[in-house]
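These notes are about the structure you will find just below.
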2 protein chains.
Amino acid sequence: MTLDSLHTAGRCGAVSGVLSRIGDKWSVLIVMLLSTGPRRFSELKRAIGGISQRMLTLSLRGLERDGLVKRTVFPTVPPRVDYELTDLGRSLCEPVQAIGTWAFENYAEIERARARYDAG
Amino acid sequence: MTLDSLHTAGRCGAVSGVLSRIGDKWSVLIVMLLSTGPRRFSELKRAIGGISQRMLTLSLRGLERDGLVKRTVFPTVPPRVDYELTDLGRSLCEPVQAIGTWAFENYAEIERARARYDAG
DNA sequence: CCGGATCCCATCAGATACTG
DNA sequence: CAGTATCTGATGGGATCCGG
């Protein structure tokens with residue numbers, strides 16, 4: 001994507017919008033967890049560890065609204081709700097993993113840069 | 001990156017940290033703009049359009065602190081400050097553009113999903 | 001021209017308590 | 001089990017004024 005094309009046809013807004021969706025504190029973790037298969041609400045909560053019930057609910061609602069996650073309610077007692085990625089959600093995993101790889105490869109250098117900056 | 005590896009060796013924290021850096025409202029736009037060459041402060045402000053002076057300063061400071069952007073001050077009158085990507089910053093462009101491409105290709109579908117969700 | 005300092009408001013996110 | 005409701009502190013971000 002060139003700079004010119006970034007500013008045409010709404011690409012700029014598209015990138016911004018997508019990043020504000022996945023750039024929040026939890027969405028990427030949820031998507032990565034779901035990339036290995038469906039999970040129940042409480043499974044996600046346990047697996048993420050540190051997320052509040054409220055934030056998990058809000059994050060899942062957002063992802064569902066954007067068509068990245070599918071929510072299935074089983075009308076049993078006690079209730080059971082499964083979450084799984086849609087095709088769209090799965091297609092997002094690839095570029096997100098690219099970022100993840102970059103992060104892993106360069107995180108140490110970022111830390112060093114921070115230490116240098118804070119020292120100077 | 002597998003789910004297991006996500007939870008080992010701090011990858012989880014690395015991904016989260018990188019995404020909270022580039023996931024904010026402006027950083028990606030700045031990085032994309034700088035990917036085509038150095039820019040002055042006021043050039044960035046004009047090019048982005050809608051960013052406040054304060055947020056541009058804060059964003060640039062953050063990117064500089066993380067070693068993604070290099071800041072060069074020319075001791076002239078009036079003062080002139082150039083910003084450019086470091087090698088690290090340039091290496092980030094690639095995965096970010098992958099996200100950008102995905103965003104452009106799928107933004108319409110996300111919009112449709114939202115409309116459907118909000119209607120139902 | 002670049003940007004620091006301050007004020008102020010809107011939104012966010014955690015904790016807690018309650019419900020079908 | 002899977003949420004919702006409410007309160008509260010934290011954070012984000014714009015506007016404005018000021019200085020080198």
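All of these numbers come straight from a predicted model, not from anything done at the bench. Each chain gets a letter, A, B and so on, in the order its sequence line appears, and its residues count up from 1.
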Over all atoms of both residues, closest heavy-atom pair of [X] and [Y]:
| X | Y | result |
| --- | --- | --- |
| Pro95(A) | Ile99(B) | CB-CD1, 3.8 Å |
| Thr86(B) | Gly67(B) | OG1-O, 2.6 Å |
| Val69(B) | Leu85(B) | CG2-CD2, 4.0 Å |
| Leu19(A) | Ile22(B) | CD1-O, 4.4 Å |

Is there a donor-acceptor pair closer than 3.5 Å between any side-chain N or O of Ser91(A) and the backbone N or O of Leu88(A)? yes

Within the distance-only criterion (no hydrogens, no angle test), does the side chain of Ser59(A) pair as donor or acceptor with the backbone N or O of Leu56(A) below 3.5 angstrom? no

Which nucleotide sits closest to the side chain of [X]: [options]?
| X | options | value |
| --- | --- | --- |
| Arg71(B) | dG3(D), dC1(D), dC2(C) | dC2(C) |
| Ser52(B) | dG14(D), dA17(C), dC1(C) | dG14(D) |
| Lys25(B) | dG14(C), dG13(D), dA2(D) | dG13(D) |
| Pro79(B) | dG14(C), dA2(D), dC2(C) | dC2(C) |

Counting only side-chain nitrogens and oxygens, does [X] get under 4.0 Å of the OP1 or OP2 atom of [N]?
| X | N | answer |
| --- | --- | --- |
| Ser42(B) | dC2(C) | yes |
| Tyr83(A) | dC1(D) | no |
| Arg40(B) | dC2(C) | yes |

For residues 41-51 of chain A, which residue pairs qualify under side-chain hydrogen bond (donor to acceptor under 3.5 Å, both in side chains), counting only residues two or more places apart or in two chains? none

Interatomic distance, [X] [atom1] vs [N] [atom2] [rounded to whole Å]:
| X | N | atom1 | atom2 | result |
| --- | --- | --- | --- | --- |
| Ile51(B) | dG14(D) | CD1 | P | 7 Å |
| Gln53(B) | dT6(C) | CD | P | 17 Å |
| Phe41(A) | dT19(C) | CZ | P | 18 Å |
| Asp24(A) | dT11(D) | CG | P | 17 Å |
| Asp82(B) | dG3(C) | CG | P | 10 Å |
| Arg39(B) | dC2(C) | CZ | C1' | 18 Å |
| Glu43(A) | dA2(D) | CD | C1' | 13 Å |
| Leu44(A) | dC1(D) | CG | P | 14 Å |

Should Ile30(B) and Val73(B) be regarded as members of a common hydrophobic cluster, given that ILVMFWY residues are connected when their side-chain heavy atoms come within less than 4.5 Å of each other, either directly or indirectly?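 Yes, Ile30(B) connects to Val73(B) through the hydrophobic network.
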
The helix from dC1(C)-dG20(D) to dG20(C)-dC1(D): angle between end helix axes, five pairs per end, rounded to 10 degrees: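 That helix has its two terminal axes inclined by roughly 40°.
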
Stepwise side chain to side chain contact (heavy atoms under 4.5 Å, CB included) check, Leu92(B) with Leu68(B): CA-CA 8 Å; Leu92(B) 176 60; Leu68(B) 300 171; 4.2 Å; yes

Identify, residue by residue, the members of residues 54-63 of chain B with a heavy atom below 4.0 Å from DNA chain D, and return them in order of residue number, or none.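 Result for residues 54-63 of chain B: Arg54(B), Met55(B), sorted by number.
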
Establish, yes or no, whether the cationic atom of Arg39(B) lies under 6.0 Å from the six-membered ring centre of Tyr83(B) and within 45° of the ring axis.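 Judged by the rule, Arg39(B) and Tyr83(B) form no cation-pi pair.
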
Using a heavy-atom cut-off of 4.0 Å across all strands, would you classify Phe74(B) as base, sugar-phosphate, or nothing? nothing

